[in-house]
Peer 1: 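One structure, as structure tokens, below. Some questions next.
Sequence positions, counted from 1, serve as the residue numbers for this chain. Values below: all heavy atoms of this structure, side chains included; hydrogens, waters and symmetry mates excluded.
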Amino acid sequence: MQNSKAEQCGFCPRNCRPEARGRCGETNSLRLAAATIHRGEEPPLSQQGGSGTIFVTGCNLGCTFCQNIQISRRGFGRAVDSEEFAGICLKLQEKGAQNLNIVTGSHMAPSIAAGLQRARDQGSSLPVFWNSSAYEKESIVESLSPVVTGYLPDLKTLDPDLADRFFHAPDYPAVAERAIRAMIADRNLHYQGDSLDSGVIIRHLVIPGFLDSTRKVLEWFAEYAQGKALVSVMMQYTPYGKGPERALNEKEYEQVLQWLDALGIDGFYQELVQDEEWLPDFGRTNPFSSELSVPVWHWTGGYEL
Ligand code: SF4
């Protein structure tokens with residue numbers, strides 16, 4: 001949230017007038033949950049060394065089936081100033097991260113931009129990717145442009161009814177579409193097979209039982225973003241919270257692959273995930289499995305892991 005408590009915060013599309021905390025669950029202080037070298041991102045992000053993921057506490061969208069609910073809603077995290085944020089970026093670089101990957105920071109973008117600038121001033125030379133739900137104003141994209149090299153926005157749905165049902169944000173489709181167009185306009189795609197130097201990867205999580213929404217997202221991508229951005233289709237939906245109570249089935253999975261083929265979309269897609277092994281636990285100093293990530297900083301003990 002941009003302003004102090006009890007003031008109107010027009011910083012994200014929620015436009016809250018919070019009495020205490022906004023819909024994002026946060027106040028003015030930037031809080032982080034974890035920083036890890038993550039090997040489970042798309043290949044041109046993870047590359048050989050892994051992506052330097054920094055997980056921000058709070059979220060301004062709040063999907064009902066969120067699998068990071070410990071940090072998006074339950075407040076796991078601790079406050080850091082821009083000096084500490086910069087130190088975390090530099091530590092990720094020292095540990096071999098190929099890039100910095102800022103996860104779900106829309107509600108704290110100015111503080112993060114300041115921290116990224118400070119990191120750069122102190123010698124950080126890694127590419128920076130902004131990893132968000134895309135529920136953000138175009139002005140945020142403009143303000144991030146000087147400090148990021150690319151964007152990893154979700155395009156969760158283009159259906160306002162679905163957005164209302166699962167995110168309580170019927171304006172999500174319109175907001176996200178504008179934000180993603182601004183991101184694509186801001187950064188040309190430089191993709192060399194095994195590394196993404198700049199540009200946009202649009203991510204879409206397939207929601208079981210709502211494949212029509214996926215079809216519309218893929219059609220939108222083919223019409224407006226093909227050749228200018230990459231797409232990444234995620235099949236990892238795991239029943240949680242108040243979303244559909246089953247995982248994707250084989251028939252749905254095959255259908256999505258057929259659409260990708262028919263629309264000529266050349267992007268990334270996951271294998272069908274049938275277990276819950278990958279679900280993170282931000283109460284552990286390594287929230288993911290040791291194959292997937294190497295912890296570098298954690299909200300409970302900093303670099304003491
Ligand atoms: S949800 Fe958005 S508008 Fe509301 S307090 Fe957080 S950043 Fe501000």
Peer 1: Closer than 3.5 angstrom, by distance alone: can the side chain of Gln67 be matched with the main-chain N or O of Thr238 as a donor-acceptor pair?
Peer 2: yes
Peer 1: Can a donor-acceptor pair be found, under 3.5 Å and without considering hydrogens, that links the side chain of Gln98 to the backbone of Gly49?
Peer 2: yes
Peer 1: With hydrophobic residues grouped by side-chain heavy-atom distances under 4.5 Å, do Val233 and Leu152 end up in a single group?
Peer 2: no
Peer 1: His298 side chain to Glu304 main-chain N or O, any donor-acceptor pair under 3.5 Å?
Peer 2: no
Peer 1: Hey, does the side chain of Ser124 reach the backbone of Ala86 with a donor-acceptor pair shorter than 3.5 angstrom?
Peer 2: no
Peer 1: State, to 0.1 Å, how close Trp130 and Leu144 come at their nearest heavy-atom pair, and which atoms those are.
Peer 2: CE2-CD1, 3.3 Å
Peer 1: Grouping I, L, V, M, F, W and Y whenever their side-chain heavy atoms are under 4.5 Å apart, do Val296 and Leu45 come out in a common cluster?
Peer 2: no
Peer 1: Flag the pair Glu84 and Arg78 as a salt bridge only when some basic side-chain nitrogen lies within less than 4.0 angstrom of an acidic carboxylate oxygen.
Peer 2: yes
Peer 1: Can any side-chain N or O of Ser51 pair as donor or acceptor with the backbone N or O of Thr53 at less than 3.5 Å?
Peer 2: no
Peer 1: Any side-chain heavy-atom pair from Val128 and Ile102 closer than 4.5 angstrom?
Peer 2: yes
Peer 1: Test of understanding: clusters of I, L, V, M, F, W, Y form through side-chain heavy atoms closer than 4.5 Å, transitively. Do Leu90 and Trp297 belong to the same one?
Peer 2: no
Peer 1: Would you say the side-chain atoms of Asp154 and Ser133 include a donor-acceptor pair closer than 3.5 Å?
Peer 2: no
Peer 1: Is there side-chain contact between Leu61 and Cys66, with heavy atoms separated by less than 4.5 Å?
Peer 2: no
Peer 1: Kindly confirm or rule out a cation-pi arrangement of Lys156 over Phe166, judged by NZ or CZ under 6.0 Å from the six-membered ring centre and within 45° of its axis?
Peer 2: no
Peer 1: Can you confirm whether more than 12 heavy atoms, excluding those of Glu94, are under 6.0 Å from its CD atom?
Peer 2: yes
Peer 1: Please answer: with hydrophobic residues joined when any side-chain heavy atoms are less than 4.5 Å apart, are Val200 and Val141 in the same cluster?
Peer 2: yes
Peer 1: Does a side-chain heavy-atom distance below 4.5 Å link Thr104 with Ser72?
Peer 2: no
Peer 1: Does the Thr64 side chain pair with the main chain of Lys242, one donor and one acceptor, at a distance under 3.5 Å?
Peer 2: yes
Peer 1: Please find the pair of heavy atoms, one from Ser46 and one from Gly40, that lie closest to each other, and give the distance.
Peer 2: OG-N, 3.8 Å
Peer 1: Is there side-chain contact between Lys91 and Tyr303, with heavy atoms separated by less than 4.5 Å?
Peer 2: yes
Peer 1: With a 4.5 Å cut-off on side-chain heavy atoms, are Ile202 and Leu230 touching?
Peer 2: no
Peer 1: Taking Tyr237 as the fixed residue, which of Phe210, Phe65, Tyr253 is the one that meets the ring pair (Phe, Tyr, Trp, His ring centres under 6.0 Å) rule?
Peer 2: Phe65
Peer 1: Taking all heavy atoms of Val56 and all of Met108, pick out the closest pair and write down the distance.
Peer 2: CG1-CG, 4.4 Å
Peer 1: Check for a donor-acceptor pair, side chain of Arg120 on one end and backbone N or O of Ser125 on the other, with a separation under 3.5 Å.
Peer 2: no
Peer 1: Would you kindly check if the NZ (Lys) or CZ (Arg) of Arg187 is within the cone defined by 45 degrees around the ring axis of Tyr151 and under 6.0 Å from the six-membered ring centre?
Peer 2: no
Peer 1: To the nearest 0.5 Å, what is the distance between CZ (Arg284) and CG (Leu305)?
Peer 2: 13.5 Å
Peer 1: Using side-chain contact (heavy atoms from CB on, under 4.5 Å) as the criterion, point out the one residue from Asp212, Leu218, Val217 that pairs with Thr214.
Peer 2: Leu218
Peer 1: Do Lys137 and Asn15 come within less than 4.5 Å of each other through their side chains, counting heavy atoms only?
Peer 2: yes
Peer 1: Residues two or more places apart in sequence or in another chain: which of them pass ring pair (Phe, Tyr, Trp, His ring centres under 6.0 Å) with Phe55?
Peer 2: Phe282, Phe288
Peer 1: Closer than 3.5 angstrom, by distance alone: can the side chain of Ser82 be matched with the main-chain N or O of Ala114 as a donor-acceptor pair?
Peer 2: no
Peer 1: Do Glu252 and Arg246 meet the salt-bridge criterion of a basic N to acidic O distance under 4.0 Å?
Peer 2: yes
Peer 1: Name the orientation class of the two ring planes belonging to Tyr191 and Phe268 (parallel below 30°, tilted from 30 to 60°, perpendicular beyond 60°).
Peer 2: perpendicular
Peer 1: Can you tell me how far apart NE2 (His38) and CG (Asn99) are? Round to the nearest 0.5 Å.
Peer 2: 12.0 Å
Peer 1: Determine yes or no for a side-chain-to-main-chain donor-acceptor pair under 3.5 angstrom, with His107 supplying the side chain and Thr27 the backbone.
Peer 2: no
Peer 1: Are Arg31 and Glu26 within salt-bridge range, i.e. N to O under 4.0 Å?
Peer 2: yes
Peer 1: Would a 4.5 Å heavy-atom cut-off, applied to side chains only, mark Leu211 and Val256 as touching?
Peer 2: yes
Peer 1: According to a 4.5 Å side-chain heavy-atom criterion applied to Ile, Leu, Val, Met, Phe, Trp and Tyr, with indirect links allowed, do Ile184 and Ile265 form part of one hydrophobic cluster?
Peer 2: yes
Peer 1: Within the 4.5 Å heavy-atom criterion, are Phe85 and Leu32 side-chain neighbours or not?
Peer 2: yes
Peer 1: Do Lys216 and Glu219 sit within salt-bridge range, that is, some charged N less than 4.0 Å from a carboxylate O?
Peer 2: no
Peer 1: Considering non-hydrogen atoms only, spot the tightest contact between Ala134 and Pro153 and give its length.
Peer 2: CB-CB, 3.9 Å
Peer 1: Has Thr57 got a side-chain atom pairing as donor or acceptor with Phe76's backbone, closer than 3.5 angstrom?
Peer 2: yes
Peer 1: Can you name the nearest heavy-atom pair linking Ser132 to Met183, along with the distance?
Peer 2: OG-CE, 4.2 Å
Peer 1: I need the single residue from Glu42, Arg203, Glu41 that forms a side-chain hydrogen bond (donor to acceptor under 3.5 Å, both in side chains) with Ser232. Which is it?
Peer 2: Glu42
Peer 1: Going by side-chain contact (heavy atoms from CB on, under 4.5 Å), Leu196 matches just one of Pro43, Pro44, Pro127. Which one?
Peer 2: Pro44
Peer 1: With rounding to the nearest 0.5 Å, note down the distance linking CD1 in Ile180 to CD in Glu177.
Peer 2: 8.0 Å
Peer 1: So which atom in Ala79 and which in Ser29 form the shortest heavy-atom distance, rounded to 0.1 Å?
Peer 2: CB-CB, 4.2 Å
